[in-house]
Amino acid sequence: MSLPTPAVHLKSVAEVVERRSVGEPEFMQAVTEVLESLEPVLAEHPEFIEAGILDRLVEPERQIVFRVPWTDDSNRVQVNRGMRVQFNSALGPFKGGLRFHPSVNLSVIKFLGFEQIFKNALTSQRIGAGKGGSDFDPRGRSDAEVMRFCQSFMTELVHHIGDDVDIPAGDIGVGAREIGYLFGQYRRITKRYEAGVLTGKGVGWGGAEVRTEATGYGAVFFAEEMLVRGGEGIEGRRAVVSGSGNVATYAIEKIQQLGGKALTASDSSGYVIDEAGIDLDLLKQVKGVERGRISEYAARRPGARFVSEGSVWDVPAELAFPCATQNELGEHHARRLIENGVRAVAEGANMPTTPGAVELFQDAGVLFAPGKAANAGGVATSALEMSQNAARSRWDRDKSESRLHEIMRDVHESAYAASERYGRPGDYVLGANSAAFVTVAQAMLEQGVI
Ligand code: NDP
Ligand code: 2IT
């Protein structure tokens, strides 16, 4: 029997995913973007077509959806939906974050889980891929409510995770506080101090140094690598950053440490522009400690302005770091950034740039780093946390950050090398997708049809 050509094969995989993904636009978007990169890879590796690698890769190994009942501070019963999508474990146990946000549904978690396969492969850390979360909205909830929610969520999730099985971590709405409550409940139910079952733990009880900072720092390291190839750098450059959570905060910190000027931060209510450069202590206080709105930053900072209309992408800058959420940077934003002379865009968030906007950047010669490469520093440092937990050891800050830096250099190098190999040097979308795919596909091939 003759094999279909790569183009025919890719089309048939896309058709199956489309048929199975009714009502899952984010998942379809993430799959389509990857499939569009793979024709030259399949031309080189017909054995991947023969083994049905892609047919299997687009279907999660397992999906768990469950009820999360809890009582609020007024003693009213609340019910949320919890889920965990265990997407692929060819390279190691399932690994990926948990997102608590009202917009969470299966399409969002599947897109994130699918992206995670490629991201985790790029880190070379021997981790498979999963993602989970809930439509629970932590905003405005007391610590006690968040704790009860996390305990209820873990009471079901405990059956599906383990340090060799599936290792969740944070994402939107899930940080050190939530990981602490989740770990406490896991420990209580299992009667085991299985430190490596969750990452992003407090540094005093098993968390890795620099895990909190790793995603944002890593995205800036990746941007620096792209710029340095062309004899440029971060120093002296104006940068726009969206978001004001974990990733955005530490992207801003690293931009400043490298001599750049981060001018903006945002949340779902609007953005602030601060021509003097964002005051990080104030940002951390307002968003991290007080869990307030970004407008409060401008209210307390002379010279800064809060803008509720438009977006950070209206602000002229040479570097752009989307660090909030998916599809937050569309074509009209891309045009504006290009008109204003943007040189590099690195995705701290997952899939923040729409496909049309990516194309505009690439056509305009703007360096563009997709999230699965640029934000891989977070999960890579999670894997370092797992190794430290397994060895009952603890690395200091310097070692942790230099290892992160090294990993981001390697991720950049392998994405660049694959972009050259498959004919479009500097196309990091092609490079990241193809390098990661070859790694996962080879492992799946060698492990048989499962
Ligand atoms: P946080 O919850 O710490 O911060 C999220 C930020 O994005 C907040 O400023 C939030 O604003 C804003 N935001 C969230 N949803 C929306 C929305 N629908 N519209 C507008 N703004 C929104 O999350 P993280 O910083 O951890 O995550 C940010 C992005 O980075 C996500 O795409 C995540 O998947 C990705 N990522 C995170 C990693 C990590 O280690 N944490 C690793 C790799 C990627 P508001 O306060 O108003 O809700
Ligand atoms: O999207 C991501 O890579 C994360 N939210 C981090 C996952 C992890 O396991 O550290």
Side-chain angles (χ1 to χ4, degrees), residues 4-18 21 25-49 51-59 87-88 90-91 110-124 129 222 226 326-327 334 345-347 350-376 411-445:
T5 63
V8 168
H9 177 58
L10 287 164
K11 189 158 175 281
S12 82
V13 171
E15 279 165 8
V16 172
V17 179
E18 182 132 37
S21 311
E26 293 88 358
F27 177 56
M28 198 63 220
Q29 181 183 336
V31 172
T32 304
E33 186 238 85
V34 169
L35 295 183
E36 282 172 354
S37 293
L38 296 183
E39 198 171 334
V41 185
L42 294 175
E44 202 177 81
H45 293 281
E47 70 277 17
F48 294 161
I49 302 181
I53 299 291
L54 267 178
D55 310 78
R56 289 187 275 143
L57 195 68
V58 296
E59 189 63 21
F87 225 114
N88 193 293
L91 294 180
K110 281 177 69 181
F111 115 65
L112 290 162
F114 185 73
E115 293 271 300
Q116 202 85 41
I117 303 173
F118 300 88
K119 183 194 307 192
N120 292 7
L122 284 169
T123 68
S124 304
F222 195 98
M226 294 197 298
Q326 62 271 10
N327 293 326
V345 179
E347 294 186 329
N350 285 308
M351 209 170 75
T353 316
T354 66
V358 174
E359 206 175 313
L360 287 169
F361 287 135
Q362 292 184 326
D363 289 350
V366 174
L367 295 165
F368 177 78
K372 54 172 84 76
N375 71 38
V411 171
H412 172 270
E413 190 47 45
S414 46
Y416 190 84
S419 75
E420 270 186 321
R421 179 183 184 98
Y422 295 111
R424 293 207 298 272
D427 178 342
Y428 290 97
V429 174
L430 170 72
N433 287 340
S434 53
F437 174 71
V438 170
T439 306
V440 181
Q442 191 61 34
M444 290 176 72
L445 187 75

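By convention here, the first residue in the shown sequence is residue 1.
One finds the CG atom of Leu38 at 6.0 Å from the CG atom of Leu54 (value rounded to the nearest 0.5 Å). Between Thr353 atom OG1 and Gln326 atom CD the span is 11.5 Å, to the nearest 0.5 Å. Atom CD in Glu347 sits 8.5 Å away from atom NZ in Lys372 (nearest 0.5 Å). Atom CD of Glu36 sits about 6.5 Å away from atom OG1 of Thr32, to the nearest 0.5 Å.
Nearest heavy atoms, Met28 versus Glu18: SD-CA, 3.6 Å. Contact record, Leu42 with Phe48: CD2-CB, 4.0 Å, taken as the closest heavy-atom pair. Thr354 and Gln29 make their closest contact through CA-NE2, 4.4 Å (heavy atoms, listed as atom of the first residue, atom of the second, distance). The minimum heavy-atom distance between Ser37 and Asn433, with the atom names listed, is OG-ND2, 2.9 Å. Residue Met444 comes nearest to Ala90 through the heavy atom pair CG-CB, 3.7 Å, listed as atom of the first residue, atom of the second, then distance. The shortest non-hydrogen separation linking Ser419 to Leu430 is O-CD2, 4.1 Å.
Enclosure of atom CD in Glu359 is not indicated, since only 12 or fewer non-hydrogen atoms of other residues, nucleotides or ligands lie within 6.0 angstrom. Counting heavy-atom neighbours within 6.0 Å of Arg56 CZ, excluding the residue itself, gives a total above 12.
Distance alone, capped at 3.5 Å, places no donor-acceptor pair between the Arg424 side chain and the Val429 backbone.
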Donor-acceptor pairs are to be reported for all side-chain atoms of residues 4-11 against protein atoms at under 3.5 Å, with residues two or more places apart or in another chain.
{"from": "Thr5", "atom 1": "OG1", "to": "Val8", "atom 2": "N", "distance (Å)": "3.2"}
{"from": "Lys11", "atom 1": "NZ", "to": "Glu15", "atom 2": "OE2", "distance (Å)": "3.3"}

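Side chains of Gln116 and Asn350: no donor on one and acceptor on the other come within 3.5 Å.
Annotation: ring-ring contact (aromatic ring centres under 6.0 Å, His included) contacts of Phe118 (sequence neighbours excluded): Phe114.
Ring-plane geometry between Phe368 and Phe361 is classed as parallel, the angle between the planes falling under 30 degrees on a 0 to 90 degree scale with a further cut at 60.
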